[in-house]
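What follows is one structure encoded as structure tokens, with my remarks underneath.
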Number of protein chains: 2
Amino acid sequence: MDDIDRMLVGLLQEDATRSYAALGQAVGLSSGAAHERVRKLRERGVIRRTTIEVDQEALGRAVTAYVLVDGGSWMGDAGAALAAIPEVEEAHVIAGPASVLLKVRTAGTRELQDVLRRVFQVDGVTGTRTIVALETLFERTLK
Amino acid sequence: MDDIDRMLVGLLQEDATRSYAALGQAVGLSSGAAHERVRKLRERGVIRRTTIEVDQEALGRAVTAYVLVDGGSWMGDAGAALAAIPEVEEAHVIAGPASVLLKVRTAGTRELQDVLRRVFQVDGVTGTRTIVALETLFERTLK
DNA sequence: CGTGAAAGGGTCCCGGA
DNA sequence: TCCGGGACCCTTTCACG
């Protein structure tokens, strides 16, 4: 995990369609060496996978909301129960004004209401507070 | 934007290294036709770009936090001012207990404190409340 | 851990339906 | 809009430094 590895990760975050030849040239290595480094970054799990970034609105996901979830008994795997709700994009156990914070994306407010109902049915949940995003200023990948 | 397009988007979200031949086979088209559809999805902006998913901890980003930002005058482009802080991954104007919600990733709590200081210096900001993630149950791409 | 080259496969652009 | 073919580039591997 040296500076060259960090450069390769940065370049691939910007555009993962770059060829190994171009990557190598950018960091001062042959295509073979660049290929080998990227292979190892994948192997070690630094690079999890290569994906596409999708415009969620174009796919009918117009509403973004954050949900603060209250409740005490997080010993049972609430994680799995929350993961079973397809509209939940993230779930974090938090320090602060609630137990868990969710990021949720739905087609509309009606569907959001439905997701909240399902969250409420998860074991140990005693309440939810929802924060709706009116406008997303930006969502980006770091560095 | 028909069912085939949606399938192609789903397949590429899972693994963007798939060949057009494999994509075509999966949706019942030739490699050329699959290529053409994906090209148009990019052109229309449904597919924004192809990237890699990086293990943030492996890159020295151990702390994830959400910051509720208070303040009234969001006419000046606070968006640009917030985007100038590299540790801010997302920024949303919200309805609820604050004006803006940020997602922030830093190496440690010391760096988080530094980010909060810079957020406070943005025009119109009157206060912040920070929610630190103790454990991330999951972060995934939808569908 | 790096290079350079060779073989196989994929991308990408056609003419035609 | 899709198919099939072909030229070209890239990936992937390997012997060697």
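Labels below follow one simple rule: chain letters A, B, ... track the order of the sequence lines, proteins then strands, and each chain is numbered from 1. Here the structure is a predicted model, which is why all the values come from computation and not from measurement.
- A:E36 has its CD atom 19 Å from the P atom of D:dG17, to the nearest Å.
- OP1 or OP2 of D:dC2 lies within a sub-4.0 Å distance of a side-chain N or O belonging to B:R37.
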message = Quick one, A:E139 with A:K103, criterion salt bridge (charged side-chain N to carboxylate O under 4.0 Å, His left out). Give me CA distance, side-chain angles, the key distance, then yes/no.
response = CA-CA 13 Å; A:E139 282 178 310; A:K103 182 179 184 180; 2.8 Å; yes
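- For the pair B:D5 and B:R37, the salt-bridge criterion is met [side-chain N within less than 4.0 Å of a carboxylate O].
- DNA chain D is contacted by no residue of residues 18-26 of chain B, taking any non-hydrogen atom closer than 4.0 Å.
- Proximity note for A:S31 (side chain, C-beta onward) versus D:dC2, D:dT11, C:dC12: the nearest is D:dT11.
- The side chain to side chain donor-acceptor pair (under 3.5 Å) pairs that include a residue from residues 21-33 of chain B number zero, where partners must be two or more places apart or lie in different chains.
- Under 4.0 Å is where a charged nitrogen must lie from a carboxylate oxygen, and between B:R39 and B:E36 at least one such pair does.
- Remark: P of D:dA7 and NE2 of B:H35 are 18 Å apart, rounded to the nearest angstrom.
- Going from atom CG of A:L8 over to atom P of C:dC1 covers 14 Å, rounded to whole Å.
- For A:R18 (side chain) and A:L11 (main-chain N/O), a donor-acceptor pair under 3.5 Å exists by modelled atom type.
- Between A:D55 and B:R44, no side-chain nitrogen of the basic residue sits less than 4.0 Å from a carboxylate oxygen of the acidic one, so the salt-bridge criterion is not met.
- Taking atom CZ on B:R39 and atom C1' on D:dC2, their separation rounds to 14 Å, with Å as the unit.
- Atom NZ in A:K40 sits roughly 16 Å away from atom P in D:dT12 (whole-Å rounding).
- Rounded to whole Å, the distance from CG on B:L12 to P on C:dT11 is 11 Å.
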